[in-house]
Undergrad: 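Before I ask anything, here is the structure I am working with.
Order of appearance sets the numbers: ligands from 1, and atoms from 1 within every ligand.
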Amino acid sequence: MRVEDFSAADRRLLIPQPREGLAYRCLGCRKLFDIGRLLYTCPECGSVLLLEDGRPAWADKRRSARSWRRAFDLRRALNLPALKGIFLFHEFIAPPIPLEAVVYLGEGHTPQVAANSHLAALAGGPFWFKNDGQNPSASFKDRGMACALSYINYLVRERGLRQVLSVCASTGDTSASAALYSSYLSGAVASAVLLPRGKVTPQQLAQPLGAGARVFELPGVFDDCMKVVEHLAETCDVALLNSKNAWRILGQESYSYEVAQGFDYDLGGLAVVLPIGNAGNITAVMSGFLKLYKAGVIDSLPKVIGVQSRHADPVFRYYLQPEGKRVFRPVTVQPSVAQAAMIGNPVSMPRVARLAEEYDRLSGERRVFVVRVSEQEIMDWMLTANRYGHVACTQGGESLAGLVAARKEGVVGKDEAAVVDSTAHHLKFVGFQQMYYEDSFPPEFGIRPKKRLQNRPEEVVPKGLRRLPEPGRPLPPEEMKAFVASCAGEIAKRLGLKKR
Ligand SMILES: *Cc1c(COP(=O)(O)O)cnc(C)c1O
Ligand SMILES: [Zn+2]
């Protein structure tokens with residue numbers, strides 16, 4: 001529908017007006033900084049920042065919660081590209097950005113698919129997969145990148161920013177997304193990405209190469225690349241696109257807004273389960289639900305369950321410690337199939353600690369939890385989900401394994417439903433499936449394939465034929481007939497088919 005097709009009253013809700021008020025808030029010294037330039041850490045104390053809305057439209061008491069819901073729901077019918085993706089929730093994400101600066105590549109509004117009933121029974125209760133692999137670069141990172149690049153585009157268009165070089169360190173998906181969104185603004189923005197050599201999949205490596213980024217492979221793991229890129233951001237004129245960049249967090253809040261919309265804003269008895277790597281995503285998910293709750297758009301905060309592998313579990317270990325005495329200690333990571341979350345020193349840890357505290361306080365009880373799963377559980381649940389019609393990446397398998405663990409521990413009750421974040425597309429990580437099928441995991445992973453979950457192609461070689469078909473050399477009709485009969489006979493035999 002076009003704007004003119006809506007009633008006069010609804011038209012006032014439809015098109016957001018740009019609005020000042022956002023500022024960087026330092027989580028260390030609590031000082032505020034102007035958004036006129038790119039900042040990643042506090043210029044005074046070096047702590048991480050969040051973007052805070054000083055006078056949020058959503059806290060305006062004259063505007064009812066019902067009118068927000070109506071605005072979001074009407075926008076789904078509106079045919080305006082800038083409001084089709086994450087900026088459908090413009091007032092809750094980045095209000096200063098004018099719609100003309102919005103970069104929309106088709107991100108967001110990912111399917112929320114009810115779990116097959118057999119799979120739900122195996123996992124201990126009903127749940128939905130939210131398939132964030134169905135984003136333009138096939139991971140949720142596009143939500144944050146759409147926001148960060150829209151902000152950069154705004155600086156280019158309205159504040160005279162020129163010749164931006166975007167940089168990031170990545171476990172694979174950040175670089176795929178950063179390179180794609182930067183290339184959409186090519187002319188104004190070029191990109192460079194830093195990857196730990198051999199620690200991203202071939203598919204993930206292909207993505208920034210295809211988008212024309214300069215790709216640098218470094219020795220070590222992600223945490224080492226992050227140190228290098230932080231040094232670059234502190235000493236050179238570059239735009240850092242890691243989740244240290246608070247604009248990315250804003251964009252990723254759209255996940256929470258969509259979950260709320262997907263349940264018609266009734267989130268009672270719901271848990272949202274997601275993997276934790278650098279902890280940007282769980283920061284965004286908590287922040288998003290908090291904003292909706294403060295605006296009255298939802299009237300209860302869903303549980304948030306973060307999941308970590310035993311091979312990269314610093315956040316889990318942090319929350320094992322007694323409240324009030326927690327000290328964060330980075331860990332040295334071990335190889336993990338949830339490679340995109342294989343991070344020992346998450347940049348957003350101070351954000352998580354602060355937001356989880358507020359989340360629990362406003363809920364009046366503990367509602368943020370972190371559970372831990374094994375590499376074996378991650379692979380088994382990923383493959384099991386696929387057997388029931390769901391496509392989950394290894395991190396999605398980690399989420400599902402985390403839901404099962406949370407139900408076992410009583411963190412999620414039998415009658416509570418869950419949304420399980422499948423954060424990327426399965427095909428990016430298909431090499432791990434292959435290793436499972438071939439039983440070729442290096443011993444460090446500690447994964448023993450289960451026979452019932454393995455699968456492999458079966459070759460069919462027809463017997464007693466003089467020649468076989470080859471590309472460009474079809475068989476003569478009689479030989480073709482024999483070929484078809486022989487192959488079909490062999491397949492029917494293996495499948496135990498009966499003749500009609
Ligand atoms: C980045 C990423 C994660 C981890 O998210 P963080 O924000 O780093 O905690 C999980 N899964 C996938 C597929 C990712 O790309
Ligand atoms: Zn500070």
Side-chain angles (χ1 to χ4, degrees), residues 23-33 39-50 110 130-135 137-145 168-178 195 199-201 203-204 207 222-223 226 241-246 248-249 251-253 255 273-287 304 306-309 312-316 333 336-352 370 378 382 391-400 402 420-429 432:
Y24 297 105
R25 164 80 74 186
C26 172
L27 295 192
C29 68
R30 309 291 304 161
K31 287 211 174 89
L32 285 170
F33 299 94
L39 282 183
Y40 318 107
T41 49
C42 174
E44 304 208 353
C45 79
S47 300
V48 283
L49 308 167
L50 276 176
T110 54
K130 189 159 169 65
N131 290 334
D132 258 28
Q134 284 175 242
N135 271 301
S137 80
S139 86
F140 76 78
K141 299 294 197 300
D142 295 332
R143 297 176 179 277
M145 241 25 110
C168 67
S170 180
T171 54
D173 292 331
T174 300
S175 52
S177 185
L195 303 172
K199 302 288 187 304
V200 309
T201 72
Q203 295 81 352
Q204 288 171 317
Q207 290 186 288
F222 169 83
D223 295 293
M226 192 66 213
L241 289 182
N242 281 94
S243 53
K244 206 165 195 183
N245 179 331
R248 275 204 34 212
I249 304 292
Q252 288 171 208
E253 288 171 0
Y255 185 89
V273 190
L274 70 161
I276 305 178
N278 224 0
N281 211 26
I282 192 168
T283 296
V285 166
M286 287 190 290
S287 175
V304 173
V307 190
Q308 294 212 292
S309 158
D313 60 356
V315 187
F316 173 80
V333 295
S336 172
V337 293
Q339 196 165 261
M342 206 178 99
I343 296 173
N345 190 13
V347 159
S348 285
M349 194 57 217
R351 294 165 169 166
V352 172
V370 181
I378 295 172
M382 178 189 89
V391 180
C393 64
T394 44
Q395 294 70 218
E398 182 177 24
S399 297
L400 180 52
V420 169
D421 191 350
S422 183
T423 45
H425 202 283
H426 168 65
L427 293 178
K428 290 198 189 208
F429 300 93
F432 291 118

Undergrad: Does Ala340 reach ligand 1 with a nitrogen or oxygen that is under 3.5 Å from one of the ligand's nitrogen or oxygen atoms?
TA: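 No, no N or O pair falls under 3.5 Å.
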Undergrad: Do Met349 and Val315 pass the side chain to side chain contact (heavy atoms under 4.5 Å, CB included) test, and can you show the C-alpha distance, the side-chain angles, and the key distance before you say yes or no?
TA: CA-CA 8 Å; Met349 194 57 217; Val315 187; 3.9 Å; yes
Undergrad: Is a side-chain N or O of Thr423 found less than 3.5 angstrom from the main chain of Phe140, in a donor-acceptor match?
TA: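 Judged by distance alone, no pair lies under 3.5 Å.
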Undergrad: Checking Phe429 against Gln204 for the side chain to side chain contact (heavy atoms under 4.5 Å, CB included) test, could you report, in this order, the C-alpha distance in whole Å, the side-chain angles of both residues, the deciding distance, and whether it holds?
TA: CA-CA 9 Å; Phe429 300 93; Gln204 288 171 317; 3.3 Å; yes
Undergrad: Would you mind listing which atoms of ligand 1 come within a distance below 4.0 Å of any non-hydrogen atom of Asp173?
TA: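 That gives atoms 12 (C), 13 (C), 14 (C), 15 (O) of ligand 1.
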Undergrad: In terms of atom number and element, which parts of ligand 1 are under 4.0 angstrom from non-hydrogen atoms of Gly280?
TA: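 With Gly280 as reference, the close atoms of ligand 1 come out as 6 (P), 7 (O), 9 (O).
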Undergrad: May I ask you to identify the nearest protein heavy atom to atom 7 (O) of ligand 1, giving residue, atom name and distance to one decimal place in Å?
TA: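 The closest one turns out to be Asn281 N, 2.8 Å.
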Undergrad: Supply the atom-to-atom distance His426 NE2 to Gln203 CD, rounded to the nearest 0.5 angstrom.
TA: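 Rounded to the nearest 0.5 Å, the NE2-CD separation comes out at 10.0 Å.
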Undergrad: Work out whether the distance between some heavy atom of Cys393 and some atom of ligand 1 is less than 4.0 Å.
TA: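 No heavy atom of Cys393 comes that close to ligand 1.
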Undergrad: Have a look at ligand 1 and work out which part of Ala279, if any, has a heavy atom under 4.0 Å from it: side chain, backbone, both or neither.
TA: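 For Ala279, only backbone atoms sit under 4.0 Å from ligand 1.
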Undergrad: Start with the C-alpha gap between Leu195 and Thr171, add the side-chain angles, then the distance that decides, and say whether side chain to side chain contact (heavy atoms under 4.5 Å, CB included) holds.
TA: CA-CA 7 Å; Leu195 303 172; Thr171 54; over 6 Å; no
Undergrad: So does Gly46 get a backbone contact from the side chain of Thr41, meaning a donor-acceptor N/O pair under 3.5 Å?
TA: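 Here the side-chain-to-backbone pair does not exist.
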Undergrad: Among protein heavy atoms, which lies nearest atom 12 (C) of ligand 1, and at what distance?
TA: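 Looking at atom 12 (C) of ligand 1, the protein heavy atom closest to it is Thr423 OG1, 3.3 Å.
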Undergrad: Please tell me whether Asp142 and Ser177 have a donor and an acceptor in their side chains that are separated by less than 3.5 angstrom.
TA: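 Their side chains do contain a donor-acceptor pair, which is all the 3.5 Å distance test asks for.
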Undergrad: Identify the protein heavy atom lying closest to atom 14 (C) of ligand 1, giving its residue, its atom name and the separation to 0.1 Å.
TA: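 Closest protein heavy atom to atom 14 (C) of ligand 1: Lys141 NZ, 2.8 Å.
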Undergrad: By number and element, which atoms of ligand 1 are closer than 4.0 Å to a non-hydrogen atom of Ala424?
TA: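 Contacts of ligand 1 toward Ala424, numbered from 1: 13 (C).
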Undergrad: With distance as the sole criterion, is a donor-acceptor pair present between the side chains of Lys428 and Gln207 under 3.5 Å?
TA: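 Yes.
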Undergrad: What atoms in ligand 1 come closer than 4.0 Å to a heavy atom of Ile276?
TA: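 Contacts of ligand 1 toward Ile276, numbered from 1: 9 (O).
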Undergrad: Counting only heavy atoms, which portion of Gln252 has something under 4.0 Å from ligand 1: side chain, backbone, both, or neither?
TA: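 No part of Gln252 comes within reach of ligand 1.
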Undergrad: Please check whether Gly277 reaches ligand 1 - meaning an N/O of the residue sits under 3.5 Å from an N/O of the ligand, judged on distance alone.
TA: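 There is such a contact, yes.
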Undergrad: To the nearest 0.1 Å, how far is atom 8 (O) of ligand 1 from its closest protein heavy atom, and which atom is that?
TA: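 Looking at atom 8 (O) of ligand 1, the protein heavy atom closest to it is Asn278 N, 2.7 Å.
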Undergrad: Once rounded to 10°, what is the value of the angle centred on the Zn ion (ligand 2) between Cys29 SG and Cys42 SG?
TA: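 Computed angle, vertex at the Zn ion (ligand 2), rounded to 10 degrees: 110°.
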Undergrad: Angle at the Zn ion (ligand 2) between SG of Cys26 and SG of Cys45, to 10°?
TA: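 It rounds to 100°.
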Undergrad: Note the single closest protein heavy atom to atom 5 (O) of ligand 1, along with its residue, its atom name and the distance in Å.
TA: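 Result for atom 5 (O) of ligand 1: Phe140 CZ, 3.4 Å.
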Undergrad: Checking side chain to side chain donor-acceptor pair (under 3.5 Å) for the pair Asp132/Thr110: CA distance, chi angles, key distance, verdict?
TA: CA-CA 6 Å; Asp132 258 28; Thr110 54; 2.6 Å; yes
Undergrad: For the residue pair Cys26 and Glu44, establish whether any side-chain heavy-atom pair is separated by less than 4.5 Å.
TA: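 The answer is no; the side chains never approach within 4.5 Å.
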